[in-house]
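Heavy-atom basis, side chains included; hydrogens, waters and symmetry copies ignored. The sequence lines fix the lettering, A, B, ..., with proteins before strands; numbering per chain opens at 1.
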Amino acid sequence: MNAAPNSGLMAESVKDAAVAALLAAVLGFFFFALRTDIGTGGLDLTYRWGLWFIAIAIVFGVRLLLNLFIFKAKKPITSGVSVSVPPALTTAVGRVIGPVLLMIALTLPFIVMAVYPERDRQFIDLAILIMTYVMLGWGLNIVVGLAGLLDLGYVAFYAVGAYSFALLAQYFDIGFWMALPLAGLLAAMWGIILGYPVLRLRGDYLAIVTLAFGEIIRVVLLNWYEFTGGPDGISGIPKPSFFGLDFSRTGGFADFFGLDYDSIHRFIYLYYIILVLALITNFVTLRLRKLPIGRAWEALREDEIACRSLGINTTNTKLTAFSIGAMFGGFAGSFFATRQGFISPESFTFLESAIILAIVVLGGLGSQIGVVIASVVMIGGIEILRNLGFLKEIFGPDFEPTQYRMLIFGLAMVLIMVWKPRGIISSRNPSAVYKERKKIGSDMVAQGEGH
Amino acid sequence: METAMKTPPAHTWDDNAVLSVEHLTMRFGGLVAVNDLSFNVGRGDITALIGPNGAGKTTVFNCVTGFYKPTEGRIVMRHGTGLQSEKIEALTRTGRQFNDDGDDRVFLLERMPDFEISKRAKVARTFQNIRLFGGMTALENLLVAQHNPLMLASSMTIGGILNLPSYRKARAEAIDFAAYWLEKTGLIHRADDPAADLPYGDQRRLEIARAMCTRPQLLCLDEPAAGLNPRESTELNQLLQYIRKDHGTSILLIEHDMGVVMEISDHVVVLDYGEKISDGDPDHVKNDPKVISAYLGVDEDEVAEVEEALDMPVIHGKTDPAENGEGGRS
């Protein structure tokens, strides 16, 4: 009885594994079997047949085992492994995670100073970086997550904010706190200017045009040498003051409060600035979501034609989403400028836009907590991968973990998207409740244009 | 022209029209979808626009609600009673979209963008393929429909961010109004469920409730009974009667279900190949040989439907379908 299906399974599995091994052989031929080194008068070719055969054998063996026990097996051995979390637990976690994260964020510099006194500067700096991305993610979430307009050029507004402050400081000697609202306004204005032509576009076209705008801003900054300094960038951007007190060695913050001078003070101060800016972004976004304008954004994401049939001016609605998102990008940009003290167009490449968008998508479109988790995982993850000394113990002293940083990172992103295709937090919270608040599953929620 | 001469002119829809479509023509490239169409929708009436598939009914709807710009013609929406002819002629000459005197305003819909037609002229519509905001709850769907008044109440968002009492009051009223329509459409127990989760019949009613939340003077329904079972169809009839009676909203509907059309309409306009072939009360229309031949000339299912609804058992024997098909097209 059992013999026939088993032999069929075996034959099928071997056949499938052989096909995979063949593919590995073809693909791996140039990578494993041949190796070129720079030699005298050309390239030296060496053959590494052993390595090639080992690679093929590994592919064949692993594929065969997977076929036998998981892919084609009647009872996959992984069937018992699937984790089921009781819904009561997830809602409880969902309720406490926000306040817990907020408490951690508020006390983070002191926790870090107490736990890692010798590396506190580095960790607070990392926290500042993560917090900047949280803020950018929240800003972009308005455009992509709520209004459903895929914006691949968000970094343009980050750049506008950073350059606004840098140029205002350079030409008019304006300090950080004066420049911050101006930078936000200028970025919002650019949001409207860039938003206007793309209003009629849908889907892929919208994505491509926003991508192009992001690049246009960068290229203009790069080439307008007389005004922006071009590739040399702008240096000597002033640091923010604390109610007129500088964080200098004498006569500043430390003297005024009778503290010993420590450069950590400035890092802590910068951390709290970006924390407050990010929390304002979050507060405004959460508020807007419950207001008619925020509901109109979400309705726009769901169905633009129905919106128009209900008397909603979709042009204005899209422009407000673009400009408010851009404004928060501008705030984050001028913070970036003051933190770095130096900016150049190098910092505003498409990769930045992609990272911010990845944070929003991984976190779950429209989810505020998701953005926080995704920023910590992505930005923190990249940094942690720089410091994986212990891997040297395993793979030998020649192993350099930073070389595999992007590989591990990419793999992690693929895994998250396989595990949670709509992001880490994918359910939607209704903006108004009649009797009972129910989460809305991600399969119901539309993604909007360009996804 | 023929029908106009036969019927007495004393139709209420000609004296007190809420909407007048005048010489409407819509061309898509070389295709004439609607050709020189004129009809009136009476205030407080339920007017049905019927016709075989591809007759141009939805095109007329899209012109009335601003989703298409008509190639030629005028579409007048009146908020005040009477025909107000001089006012309309004067407005037409000015090039403006509507006149600004108090409650008795008239609107030239062909000049207005789609969202303004809903916002100012108070014409709401539903869609043939339901267009709800699937990821939002039933309640949220109805709140989106009250966007414009709520936007004003939140003083363009600023008052809303500060959570001023005036906004909180307006918001509570909006939720009450939404709850009222959910109650009326029998959906109140699903208020907090996403719209995409509702059964098909409920989605149809939710779309009507959403349109009513814009407080329209004219409600345009594109095949509201499509896909409904007989019981749901009856409920829909009651709902439409209620809307007309208690809210004074005039209704213009496209419908294939002759049972619904004949039962609830006060006035039926029949289109075929983009032209009006009959216009009158249901009795007049169902006895109009042009209507019968138009349906015969198209497809058998619809013929059967018409026969059933009109109680006309022997049509096949009396007329030659091919000839009448020609008649319908001319």
Side-chain angles (χ1 to χ4, degrees), chain A residues 145-146 148 280 283-318 320-321 323-324 365-366 422 426-448, chain B residues 65-67 113-120 122-127 130-141 143-154 156-157 159-163 167 171 174-175 178-179 182 188-189 191-197 207 210-211 213-214 220:
Chain A
L146 293 183
I280 289 173
F283 172 77
V284 171
T285 310
L286 287 180
R287 247 309 162 36
L288 288 176
R289 257 205 79 206
K290 292 193 189 327
L291 291 178
I293 182 75
R295 254 196 304 271
W297 290 338
E298 291 200 82
L300 199 64
R301 178 191 67 202
E302 297 283 332
D303 194 323
E304 186 179 338
I305 289 177
C307 274
R308 294 211 303 256
S309 84
L310 297 173
I312 294 174
N313 185 340
T314 49
T315 309
N316 289 355
T317 309
K318 283 184 187 177
T320 50
S323 62
I324 293 178
L365 292 173
R422 297 288 297 260
S426 51
S427 63
R428 178 180 172 271
N429 233 337
S431 67
V433 180
Y434 183 65
K435 274 207 167 64
E436 182 195 353
R437 182 173 293 277
K438 295 177 190 167
K439 294 254 179 190
I440 297 170
S442 56
D443 50 332
M444 311 271 175
V445 181
Q447 286 180 310
Chain B
T65 52
F67 283 82
D114 42 20
F115 70 92
E116 293 267 340
I117 288 180
S118 169
K119 185 178 169 183
R120 293 184 196 277
K122 293 290 171 197
V123 179
R125 74 168 292 178
T126 65
F127 295 87
I130 305 173
R131 285 184 173 276
L132 287 168
F133 307 122
M136 304 171 86
T137 65
L139 178 71
E140 285 182 295
N141 268 274
L143 290 179
V144 171
Q146 302 177 59
H147 176 80
N148 289 316
L150 277 176
M151 210 54 191
L152 279 179
S154 71
M156 290 329 199
T157 302
I161 287 183
L162 301 174
N163 210 6
Y167 171 68
R171 184 172 175 277
I175 289 180
L182 286 172
I188 192 74
H189 62 291
D192 291 320
D193 287 322
D197 229 4
E207 210 189 9
R210 187 180 68 181
C213 277
T214 62
C220 300

Give, as side chain, backbone, both or neither, the part of [X] having an atom under 4.5 angstrom from any heavy atom of chain A.
{"X": "B:R210", "value": "both"}
{"X": "B:A145", "value": "both"}
{"X": "B:L150", "value": "both"}
{"X": "B:E116", "value": "neither"}

>> Using every non-hydrogen atom in the two residues, find where B:N148 and A:G311 come nearest and quote the distance to one decimal.
In response: ND2-O, 2.7 Å
> Shortest non-hydrogen contact from B:Y167 to A:P292?
Replying inline: OH-CD, 3.3 Å
>> Which residue is it: A:N316, A:N313, A:I293? I am looking for the one with a side chain to side chain contact (heavy atoms under 4.5 Å, CB included) to B:M151.
In response: A:I293
Do [X] and [Y] have side-chain heavy atoms sitting under 4.5 Å apart?
{"X": "B:F115", "Y": "A:T315", "value": "no"}
{"X": "B:M136", "Y": "A:R428", "value": "yes"}
{"X": "B:D192", "Y": "A:V433", "value": "yes"}

>> Just so I understand: if I count every heavy-atom pair under 4.5 Å between each of A:C307, A:S431, A:A296 and chain B, which residue has the most?
In response: A:S431
> Between A:D303, A:L288, A:T314, A:V445, which residue shows the highest count of heavy-atom pairs closer than 4.5 Å to chain B?
Replying inline: A:D303
>> Checking the side chain of A:R295 only, and the main-chain atoms of B:L143 only, is there a donor and an acceptor separated by less than 3.5 Å?
In response: no
> Within the side chain of B:T214, is there an N or O that forms a donor-acceptor pair under 3.5 Å with the backbone of A:L310?
Replying inline: no
> With a 4.5 angstrom heavy-atom cut-off, which part of A:I305 approaches chain B: side chain, backbone, both or neither?
Replying inline: both
> For A:R287, is it the side chain, the backbone, both, or neither that has a heavy atom closer than 4.5 Å to a heavy atom of chain B?
Replying inline: side chain
[X] side, atom [atom1]; [Y] side, atom [atom2] - distance, nearest 0.5 Å:
{"X": "A:Y434", "Y": "B:T137", "atom1": "OH", "atom2": "OG1", "value": "12.5 Å"}
{"X": "A:E302", "Y": "B:E140", "atom1": "CD", "atom2": "CD", "value": "9.0 Å"}
{"X": "B:R131", "Y": "A:E304", "atom1": "CZ", "atom2": "CD", "value": "10.0 Å"}

> Of the listed residues (B:K119, B:H147, B:E207), which shares the most heavy-atom pairs with chain A below a 4.5 Å separation?
Replying inline: B:H147
